[in-house]
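Data first, discussion second: the structure below is written as structure tokens.
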There are 2 protein chains.
Amino acid sequence: MNSDAYQITWLIRRLFRAMSQRSGEHLTDLGITLADRAVLEFLYPEQTLSVPEIAERYQVSRQHIQVTVNHLLDMRLLTGKDNPRHKRSPLLHLTKKGFNLFEKVLQRDQTLIDAAFAKIPNTDQKMTRQTLETLLHNLS
Amino acid sequence: MNSDAYQITWLIRRLFRAMSQRSGEHLTDLGITLADRAVLEFLYPEQTLSVPEIAERYQVSRQHIQVTVNHLLDMRLLTGKDNPRHKRSPLLHLTKKGFNLFEKVLQRDQTLIDAAFAKIPNTDQKMTRQTLETLLHNLS
DNA sequence: GTACCATTGACAAGTTAATTGTCATTATAG
DNA sequence: CTATAATGACAATTAACTTGTCAATGGTAC
């Protein structure tokens, strides 16, 4: 009931909310939303993926990614190039503008992350990362 | 950029989504939402809190908690008793029905959690928990 | 005790990140 | 070459929030 395992799941929920709040603050003035950010992250630094591929990896509906991608295309943060596997579904990748913008996002995040992780030993960070990776794998 | 710290923040976002999906599945047929669940969790097992207190702890607007609490009151999962500190704002606590329902939620979660954490050593779990706790503290 | 500011609950409208459903169009596979 | 699957576009809906406003009441300072 009050096991470490249960507490970890609780902490993940709280951390997600706290992070969204902090992160959202410095996303707004760059003109993008958290959904946009997620898509950019999948394509950074030089992935090329189609809309259905992103949807599958992010585990959301392709319609949702479609809307987000269209928004990013409008903003010229993405472009599409011919998909050899499907002529109607372009392979998306970051434009220079999109790349630069996402680097700025990462940079701002890094400042927050550095502060939050400052006093946590590297070994602990590594183990935490491994544990969470296993967890995500087990849940997917 | 690809540091453990950054990866951890990414993993938290992915895990939150994966957990919500799994958890949401077994919440619907109990007639409650994730927001309801969060409120129940704050009052479990026998906390007594007012609406504004829950809102402050959960870091959301009191209006949102008000709506959620009203829903839970309608479902007779909560009741209020007199608040010595404020006559218009009752102290909320779980009814027997609410307590039982949340135990069922915990039980179902536990099954999932057991499976997800099965192969992760206890020491790793403890360290992960501590790291995430520190992290949440630093972000709040 | 009364005037005053803060707190609360109730209501309304808007937002974000998603969903499901449907459609026409176009691809790909048999 | 035809059937079926995949894609993009559009619409309506949902969950979980937000901000803003209001009236009623509560606690407090005088």
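Chain letters run A, B, ... following the sequence lines, proteins first and then strands; every chain starts at 1. Keep in mind the model is a prediction, meaning the values are calculated, not measured.
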Stepwise salt bridge (charged side-chain N to carboxylate O under 4.0 Å, His left out) test for B:Glu41 and A:Arg13: CA-CA 12 Å; B:Glu41 195 160 32; A:Arg13 291 202 297 274; 2.8 Å; yes
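- Here the options are B:Thr128, B:Asp4, B:Leu135, the test is side-chain contact (heavy atoms from CB on, under 4.5 Å), and the partner is A:Thr128; only B:Thr128 passes.
- Exactly one of A:Thr134, A:Ile8, A:Asn138 qualifies for a side-chain contact (heavy atoms from CB on, under 4.5 Å) with B:Phe117. That residue is A:Ile8.
- Counting to the nearest Å, the C1' atom of C:dT16 and the CZ atom of B:Phe16 are 13 Å from each other.
- Both tests pass for A:Arg17 against the ring of B:Tyr58: distance under 6.0 Å to the centre and angle within 45° of the axis.
- Rounded to whole angstrom, the span from the CZ atom of B:Arg62 across to the P atom of D:dC17 amounts to 17 Å.
- Side-chain atoms of A:Thr33 and A:Asp36 form a donor-acceptor pair, as typed in the model, at a separation below 3.5 Å.
- Residues of residues 65-75 of chain A having a heavy atom closer than 4.0 Å to DNA chain D, listed by number: A:Gln66, A:Asn70.
- B:Ser61 comes within 4.0 angstrom of a nucleotide base, judged by non-hydrogen atoms across all strands.
- A straight line from CG of B:Leu91 to P of C:dT8 spans 11 Å, rounded to a whole angstrom.
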Salt bridge (charged side-chain N to carboxylate O under 4.0 Å, His left out), that's the test. Do A:Glu133 and A:Arg129 meet it? Break it down for me. CA-CA 6 Å; A:Glu133 269 168 1; A:Arg129 174 193 175 158; 3.2 Å; yes
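- Of the listed nucleotides (D:dA9, C:dT8, C:dA18), C:dA18 has the atom at the smallest distance from the side chain of A:Tyr58.
- Taking only side-chain nitrogens and oxygens, A:Thr33 comes nearer than 4.0 Å to OP1 or OP2 of C:dA17.
- Using a 4.0 Å heavy-atom criterion, one finds that B:Arg37 contacts no nucleic acid atom at all.
- Taking the charged nitrogens against the carboxylate oxygens, A:Asp29 and A:Lys104 have no contact shorter than 4.0 Å, which rules out a salt bridge.
- Using five terminal pairs a side, the axes of the helix from C:dG1-D:dC30 to C:dG30-D:dC1 at its two ends make an angle of 30°, given in steps of 10 degrees.
- The closest side-chain heavy-atom distance from A:Arg37 to A:Asp109 is below 4.5 Å.
- Going from atom CD of B:Glu53 over to atom P of C:dG9 covers 10 Å, rounded to whole Å.
- A:Gln63 contributes no side-chain N or O that forms a donor-acceptor pair with the base of D:dG8 under 3.5 Å.
- Map A:Ser89 and A:Arg17 each onto its nearest nucleotide of DNA chain D; the residue landing nearer the 5' end is A:Ser89.
- In plain terms, the two heavy atoms of B:Leu40 and B:Phe102 that are nearest each other are CB-CD1, 3.7 Å.
- Listed candidates were C:dA18, D:dT18, C:dG9. Nearest to the side chain of B:Val60 is D:dT18.
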Tabulate atom names and distances for all N/O pairs under 3.5 angstrom spanning the protein and nucleotides 4-7 of chain C.
none

